[in-house]
Amino acid sequence: MEILLSGLLLLLLAFLGTPLFVIIAVIALLAFWASGIDTSAVIVEMFRLGSTPTLIAIPLFTFAGYMLAESNTPKRVVQLFQALFGWMPGGLAIVALVACAAFTAFTGASGVTIIALGGLLYPILIQEQYPERFSLGLVTTSGSLGLLFPPSLPIILYGVVAGQSIDQLFVAGLVPGLMLVALLSLYSVRKGITAGVPRTAFSAARVWRAVRGAVWEIPLPFLIIGGIYGGIITATEAAALTAFYVLIVEVFIYRDLKLFRDVPRIMRESMVLVGGILIILATALGLTNYLIDEQVPMQILDFIRESMDSRLLFLILLNIFLLIVGMMMDIFSATIVVVPLIVPIAQSFGIHPVHLGIIFLMNLEIGYLTPPVGLNLFISSFRFRKPVSNVYRSTLPYIGILLIALLIITYVPELSLWLVELFGVR
Amino acid sequence: MKFFRAIDSGLAKIESSIVVSLVAIMILMAFLQVVLRNVFHTGVLWIDPFLRYLVLWLAFLGAMMATRQDRHIRIDILSGFLTPKLKRLSSTVTSLFSAAVCYLLFDASVTFVLDEKEFGGLLPLFTDVPIWYIQAIIPIGFAVMMVRFLLRSIDQTVAILRGLPPQEETP
């Protein structure tokens, strides 16, 4: 009874906007008290932040992502993709998809994409006579597209929390991510034709100009993807190279950002996000450790085992559960809180933890868009000054497409795993 | 109150310069290590643990800044339905609650650091530096967050009493 009451009280406090790390810390403290362990044990676990080598990638990639978002990179990237794909039917929509995906991979936090790139693309889409509802849905959906591509922060965090190789996860996300972009592109092409959007001619001179403009940004994805897939560098090393490279390029070559005026501000801004994520991770480390000691995942597993033994059914329920989680929580806290519980359960149903990671991220990506409380819906409504109900309606066809992709990703594990085996990534 | 606020903004300045220097050091050191390892097939032994400790410090300094700017990650699904006044009231309650929890965490981390000071070892590879120097950021961080949560709850209470208009919304 007491447990139930305090649980409900905590839930209420959480829903009223208490920082999540506080909620998790209370649960951890209570759990340790109840089992008579000194609460400083919670802090011992927190100190593990300082002994996990892969975590170094998080501040470095976040900083690099914020630098890119604040510079003129979004503009140059859009120009490049426009020159490359603008001539196709639905071309500009594809530009939006590809540019947002590439950008989200670097910035991880999907709200940034809608605000930085969506704000740039939406007026151009309207100007080129794309239907308003289609365009609004497109930029909202694109805000979380690209989570599956390296070096996305959520993938790194999943790797850290689930204890899986980040290099493997980076490889695993590639094919599902490309499939997602391809499906959405097909829809855009169809829409471009049926809506009778005028097309522009392909111009080699324009491509050349755009390539010259973005010549310093173009190597970046190849550096990361090539380096990691080729086994030359690890994810953490890629983060170190990216942060340094971006700093040099934006400050000294493009001169978009000033070393003493902009860079310190961006460092602070990015570390607010890093601190926000890592303090949740820190408090959760104590709780997770307790839960595993008490064999809570095993008990949940036994309970599930009793009521079902079908892997298919489990996957369906997992998807529904994760969609709800993704709707209510942001991707970072969801990863930290939920992943330690589902990894052992999924494993016992024969689901590979790397495959699970891709399923997990895909679900959360859809959750971002799911009415009534998906986060991207609100960011989009705020950014484009549209009522949330308009945004709801505009994203529905996209949610449909993403759900189809989710089903394929969930029930065809090879999609995620064959590249990993092909390259023999460890 | 004015006194606390002056201390808090002074603290914010120190905090921000430490964060900026640590990030700069991290970028340079991490890059140096990759170059040494992959080009020259060597490496500085202490850089790796040093970078890991930087992550711990940046996590806590970042969380302290997030507390000051009210930008912690939260599941905020009810406050959209509240009236401005109730919103402030709920902010008072959640901040007060957060302050109390930060006090408990502060207390626990002081125990932890004192234990480490007594029995804990030295930093690996910096043999003359005790490890609790690094760990001290944990109680410092929770103490600062506690004070900031308290200040916020006081601010909100004052605003309710004076009937101030609601804060600007930022997503």
Heavy-atom proximity to chain A below 4.5 Å, by part of B/L61: neither
is_close_aromatic(A/F244, B/F31), centroid dist under 6.0 Å: yes
Engaged part of B/V19 at the chain A interface, taking heavy atoms whose separation is under 4.5 Å: side chain
Interface moiety of B/Q69 toward chain A, non-hydrogen atoms closer than 4.5 Å: side chain
Contact winner vs chain B - A/A41, A/P53, A/A239, heavy-atom pairs under 4.5 Å: A/P53
Part of A/L16 lying under 4.5 Å from any heavy atom of chain B: both
Per-residue contact mode, B/M145 against chain A (heavy atom under 4.5 angstrom): side chain
Side-chain ion pair, B/K13 and B/D8, N-O less than 4.0 Å: no
Most chain B-contacting option - heavy-atom pairs closer than 4.5 Å, from A/I56, A/L49, A/T39, A/L20: A/I56
No-hydrogen, no-angle side-chain donor-acceptor test under 3.5 Å, A/S380 and A/T140: yes
Under-4.0 Å salt bridge between A/R265 and A/D262: yes
For chain B, the option from A/A240, A/A25, A/A243, A/G50 that forms the most heavy-atom pairs under 4.5 Å: A/G50
Cationic N near anionic O, under 4.0 Å, A/E269 to B/R71: yes
